[in-house]
Engineer: 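The structure is given below, and queries will be raised subsequently.
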Amino acid sequence: MSDPFEFSENTPEAHPESVPASGPEAEPKASGPVTGGAMAAGDPPYLAMLNPEQREAAGTLDGAVLVLAGAGTGKTRVLVTRLTHILMSRRAFPGQILAVTFTNKAAREMMERVGNLLGGGAEGLWLGTFHSISARILRAHAEMLGLKSNFTILDTDDQHRLLRQVMEAENVDYKKWPPRALNAIIQRWKDRGLTPDKVTPSEASEFASGKALNLYRLYQSRLKTLNACDFGDLLLHNLTLFTKHPDVLADYQRRFKYILVDEYQDTNVSQYLWLRLLAQGGSNVCCVGDDDQSIYGWRGAEVGNILRFEKDFPGAHIVRLERNYRSTPQILAAASGLIAHNEGRLGKTLWTEGDDGEKVRVTGVWDGDAEARDVAETIEAIQRGGTSLNEIAVLVRTGSQTRSFEERFITCAIPYRVIGGPRFYERKEIRDAVAYFRVIAQPDDDLAFERIINTPRRGLGNTTLQVAHVLARAEGTSLVSACGALIGSDDIRPQARTALARVLEDFSRWRAQAQNMNPSELAEIVLDESGYAGMWQNDKSVEAPGRLENLKELVSALEDFESLDSFLEHVSLVMEHEDNTGTDMVNIMTLHGAKGLEFDVVFLPGWEEGLFPHQRAMDEQGAAGLEEERRLAYVGLTRARKLAYISFAANRRLYNQWNSAIPSRFIEELPKDHVEVDVSKGLYGGSPPEERQKKYGGGGSGGSAHGQGYGGKRRSKPSSKKEDAGSMVAATPDGLTKGSRVFHQKFGYGRVQGVEGNKLDISFDKAGRKKVMASFVNPA
DNA sequence: ACTGCGCCAGTTTTT
DNA sequence: CTGGCGCAGT
């Protein structure tokens with residue numbers, strides 16, 4: 001948006017009356033009334049509203065501050081108040097404050113709350129995610145790194161395709177060595193701030209017989225020719241920029257008088273180095289985090305960063321927030337007892353006031369379906385008790401677990417939303433459309449061009465593409481320019497030549513139109529003239545209408561953007577779907593997705609060895625992986641204000657196999673006094689956890705006796721003693737039979753394919769084939 | 001150049 | 001069970 005180098009606009013020099021002194025050296029001594037936690041007369045009202053520790057964290061503006069904020073202790077409130085305090089006490093202009101978060105959601109929330117507290121005047125804040133802020137900085141200095149400022153940010157799909165190309169060129173068998181695995185290795189290097197020249201050969205990894213490093217180098221050079229970056233590069237290039245151009249760094253250091261960091265425990269090495277470089281100019285740094293909530297180690301986060309804060313900033317002020325405002329004492333005690341099994345914690349003692357509340361409920365069920373049924377029933381009961389569905393969440397370990405709940409909720413007509421599910425911008429049709437925009441915005445974007453050159457089909461297949469590739473490589477140009485050259489040559493068939501000429505013509509026309517047209521209009525023209533929309537209109541498959549619907553949504557989403565460029569930036573960095581929070585719905589999401597959220601009632605299904613803790617976490621990270629899983633469990637429990645329900649199933653289907661499972665070790669680790677085992681399901685009848693453990697052959701915690709988690713494998717569903725007749729409703733008297741047309745409130749119209757008792761097997765026109773309770777459909 | 005078939009491998013979490 | 005990929009046939 002705005003150039004980050006409009007320093008003069010925002011610096012004190014330009015407003016001598018408003019700010020007493022300029023430059024970090026001449027920083028005035030505390031002119032604000034508060035520097036510590038003690039309540040002082042004359043505290044501004046926004047500080048007076050905080051508890052003493054919070055006040056200390058928000059009010060200590062000089063020097064470095066580390067806030068160890070336990071779950072539900074008001075850390076966002078502290079950050080927001082601190083930011084407001086800095087502005088209200090006129091210590092800095094908005095443009096001199098850098099506030100970084102990990103998620104766009106967190107950034108948005110902070111912006112909103114600062115706005116509320118401040119009532120305007122927060123424009124110009126550098127508030128955003130690590131990625132968006134480093135992208136902004138990088139765009140301003142792209143040429144220093146051999147990039148153009150309109151560089152493309154590649155998504156994972158592009159990364160994989162590019163890596164595959166590189167591997168093909170190097171004769172590395174990409175079937176044997178999956179590009180995604182290589183990508184993971186490279187991203188880990190990038191997370192640690194390692195450019196190819198800094199990776200020590202000893203780290204070269206087993207991948208492709210030690211060729212990973214070389215592939216990394218080639219990948220980087222391909223990125224540069226493509227004028228593109230992947231996620232990791234955004235930070236990495238910033239680091240290079242700052243170290244190679246001290247003057248640039250100095251400018252930013254001078255600019256940012258205050259730095260605020262959220263979720264500090266999740267920073268990786270390169271983010272840490274980035275912060276440290278920026279802070280070294282004497283900024284007042286404030287990092288907020290909770291080592292017990294570090295759940296991103298698998299993508300390079302280093303809890304160590306939080307542990308070494310004092311070393312990095314000698315004399316740092318450390319504030320602990322331990323008063324929890326969220327959960328009941330029972331829930332808090334259960335969560336604390338669980339997390340106490342981890343070693344190497346900074347250690348906090350959370351406390352709270354108020355009624356004990358209900359103990360954490362633990363239920364064992366027969367299988368995943370029973371679990372979903374059980375959760376649905378409980379939700380219905382809770383809802384009858386007056387709790388709104390918005391206040392209820394189902395937190396699962398893996399994305400694939402959401403399905404059984406969705407199906408059950410649909411059958412029971414419980415409205416729900418899946419947060420963080422398949423994302424809008426990751427759908428095929430959206431990615432295709434975006435690829436068109438990318439080529440318009442940046443003709444050199446080979447990956448995007450390649451994606452849509454023959455979509456819709458226009459007779460430009462593999463042969464043509466290969467020829468173009470070869471030429472591009474030989475000439476050192478982009479695919480688009482190579483294609484331009486091909487039109488005038490006879491290296492390809494005349495048919496292909498005309499087709500190619502036509503697309504290129506289209507693109508240059510669109511490019512011209514892009515100058516004086518809003519993006520939304522342009523999108524409509526492009527989707528129409530390219531034949532892309534037409535392609536789906538002619539498609540008779542069930543999902544085609546949905547795809548067209550999505551394309552329409554995309555066009556209207558474009559209305560919010562001033563330029564194609566800003567939209568593309570949004571697509572790459574703000575990969576999220578707007579959530580319809582307006583309506584009352586149960587929330588389903590992964591535990592990772594739930595961090596930072598809270599609900600009255602939380603369901604935590606799937607607490608089985610192998611699923612949670614996840615086998616892979618333990619295989620790949622060992623003891624550290626297990627501890628991270630335990631923190632994930634802790635995060636899950638601490639999302640609950642009033643009620644937490646944990647469940648595990650004795651049988652679970654994975655791929656297409658039934659596996660018997662044993663309860664998660666985390667269940668045994670819950671302090672017994674704060675847990676109530678639900679025996680009503682007839683499983684694990686009444687036996688306390690210790691006995692249950694013997695019954696199912698589980699060993700002590702951490703022991704290998706837990707083994708593989710999932711036990712025997714069977715092909716067919718294990719027979720249950722209890723049929724689920726209890727949850728059945730009498731069949732409808734509608735007399736629906738095979739072939740009847742029906743209408744379902746959620747799925748729309750469909751045709752009955754079969755009748756099984758009171759369930760109907762229906763093939764819906766749009767939603768596909770589902771089994772639904774007869775009482776929820778009406779004859780069409 | 002495109003279509004269809006059969007084989008395989010895969011599913012943790014995300015900016 | 002799905003989807004991606006390679007191969008063979010048109």
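Below, read A as the first sequence line, B as the second, and so on, with proteins coming before strands; counting in each chain starts at 1. Keep in mind that this is a model prediction, so the values were computed, not measured. Basis for what follows: all heavy atoms, side chains included, without hydrogens, waters or symmetry-related copies.
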Engineer: Output the rounded distance in Å from NZ (Lys176(A)) to P (dA9(B)).
Structural biologist: 13 Å
Engineer: Base, sugar-phosphate, or nothing for Glu620(A), non-hydrogen atoms under 4.0 angstrom?
Structural biologist: base
Engineer: Identify whether any heavy atom of Tyr296(A) sits under 4.0 Å from a base atom; if not, whether one sits that close to sugar-phosphate; answer base, sugar-phosphate or nothing.
Structural biologist: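 Sugar-phosphate only.
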Engineer: Using atom NZ of Lys175(A) as one end and atom P of dC7(B) as the other, report the distance to the nearest whole Å.
Structural biologist: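 Checked: the NZ to P distance equals 13 Å.
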Engineer: Is a donor-acceptor pair below 3.5 Å formed from side chain His614(A) to base dT12(B), judging by atom type as modelled?
Structural biologist: no
Engineer: Salt bridge or not for Asp158(A) and Arg161(A), using N-O below 4.0 Å?
Structural biologist: yes
Engineer: Could you check whether Glu371(A) pairs with Arg408(A) (Lys NZ or Arg NE/NH1/NH2 to Asp/Glu carboxylate O, under 4.0 Å)?
Structural biologist: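 Result for this pair is no, no salt bridge flagged.
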Engineer: Nearest of dT14(B), dC2(B), dT15(B) to any side-chain atom of His592(A)?
Structural biologist: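 Per side-chain heavy atoms of His592(A), the pick is dT14(B).
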Engineer: Would you mind telling me which residue lines up with the more 5' stretch of DNA chain B, Gly459(A) or Ser132(A), judged by nearest nucleotide?
Structural biologist: Gly459(A)
Engineer: Kindly say whether the aromatic ring centers of His341(A) and Phe666(A) come within a distance under 6.0 Å.
Structural biologist: no
Engineer: Kindly point out which of dT15(B), dA1(B), dT11(B) is positioned nearest to the side chain of Arg616(A)?
Structural biologist: dT11(B)
Engineer: Does dT14(B) have OP1 or OP2 under 4.0 Å away from a side-chain N or O of Thr103(A)?
Structural biologist: no
Engineer: Quick one: which of dT15(B), dT12(B), dC2(B) gets closest to the side chain of Arg397(A)?
Structural biologist: dT12(B)
Engineer: Would you tell me if any nitrogen or oxygen in the side chain of Arg653(A) comes within less than 4.0 Å of OP1 or OP2 on dC1(C)?
Structural biologist: no
Engineer: So Thr463(A), base contact, sugar-phosphate only, or nothing? Heavy-atom distance under 4.0 Å.
Structural biologist: sugar-phosphate
Engineer: Are Glu302(A) and Tyr272(A) linked by a side-chain donor-acceptor pair shorter than 3.5 Å?
Structural biologist: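 No - no donor-acceptor pair under 3.5 Å links their side chains.
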Engineer: Could you check how far CD of Glu263(A) sits from P of dT14(B), rounded to whole Å?
Structural biologist: 14 Å
Engineer: About how many Å separate CG of Leu471(A) and CD1 of Ile492(A), when rounded to the nearest 0.5 Å?
Structural biologist: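 If we round to the nearest 0.5 Å, Ile492(A):CD1 and Leu471(A):CG are 10.0 Å apart.
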Engineer: Among the candidates dT12(B), dC2(B), dT14(B), find the nucleotide nearest to the side-chain atoms of Arg299(A).
Structural biologist: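 Closest nucleotide to the Arg299(A) side chain: dT14(B).
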Engineer: Nearest-Å distance, CG (Leu654(A)) to C1' (dC1(C))?
Structural biologist: 12 Å
Engineer: Which residue lies toward the 5' end of DNA chain B, Arg493(A) or Glu629(A), if each is placed at its nearest nucleotide?
Structural biologist: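 Upstream on the strand: Arg493(A).
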Engineer: Under 4.0 Å between a side-chain N or O of Asn268(A) and OP1 or OP2 of dT15(B)?
Structural biologist: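 So the side chain of Asn268(A) is outside the cut-off, no N or O lying under 4.0 Å from OP1 or OP2 of dT15(B).
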Engineer: Round to the nearest Å and state the distance from Met618(A) atom CE to dT13(B) atom C1'.
Structural biologist: 15 Å
Engineer: Rounded to the nearest 0.5 Å, how far apart are CD of Gln271(A) and CG of Leu236(A)?
Structural biologist: 11.5 Å
Engineer: Please state whether the phosphate of dC1(C), meaning OP1 or OP2, lies under 4.0 angstrom from any side-chain nitrogen or oxygen of Arg403(A).
Structural biologist: no
Engineer: Side chain of Thr590(A) only, heavy atoms from C-beta on: which candidate in dT14(B), dA1(B), dT15(B) is closest?
Structural biologist: dT14(B)
Engineer: Nearest whole angstrom, please: distance from the C1' of dG4(C) to the NE2 of His160(A).
Structural biologist: 14 Å
Engineer: Looking at dT12(B), I'd like to know if its phosphate oxygens (OP1 or OP2) sit under 4.0 Å from a side-chain N or O belonging to Ser400(A).
Structural biologist: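 No, because none of the side-chain N or O atoms of Ser400(A) sits under 4.0 Å from OP1 or OP2 of dT12(B).
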Engineer: Would you please indicate if the ring centroids of Phe612(A) and Trp607(A) are separated by under 6.0 Å?
Structural biologist: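 Centroid separation for Phe612(A) and Trp607(A): below 6.0 Å.
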Engineer: Check whether any side-chain N or O of Arg180(A) sits under 4.0 Å from OP1 or OP2 of dT11(B), and answer yes or no.
Structural biologist: yes
Engineer: Return the pairing partner of dT11(B) with a 3.5 Å limit on both distances, Watson-Crick or G-U wobble; otherwise return none.
Structural biologist: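 Here dT11(B) is not engaged in any pair, so there is no nucleotide opposite it.
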Engineer: Any base atoms under 4.0 Å from Gly399(A), or only sugar-phosphate, or nothing? Heavy atoms, all strands.
Structural biologist: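 Here Gly399(A) touches the backbone only, sparing every base.
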Engineer: Remember a base hit wins even if backbone is also touched, and classify Thr156(A) as base, sugar-phosphate or nothing at under 4.0 Å, heavy atoms.
Structural biologist: nothing
Engineer: In whole Å, I'd like the distance from the CD atom of Gln293(A) to the P atom of dT13(B).
Structural biologist: 20 Å
Engineer: Kindly say whether, by distance alone, the side chain of Trp298(A) makes a donor-acceptor pair under 3.5 Å with the base of dT12(B)?
Structural biologist: no
Engineer: For Arg630(A) and dT13(B), what is the distance between atoms CZ and C1' respectively, to the nearest whole Å?
Structural biologist: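 From Arg630(A) CZ to dT13(B) C1': 18 Å.
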Engineer: Check this one for me: any side-chain N or O of Tyr174(A) less than 4.0 Å away from OP1 or OP2 of dA9(B)?
Structural biologist: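 For dA9(B), OP1/OP2 do not have a side-chain N/O of Tyr174(A) under 4.0 Å.
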Engineer: Where the side chain of Arg164(A) is defined as all heavy atoms beyond and including C-beta, which of dG6(C), dT3(B), dT13(B) is the nearest nucleotide?
Structural biologist: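 Of the candidates, dG6(C) comes closest.
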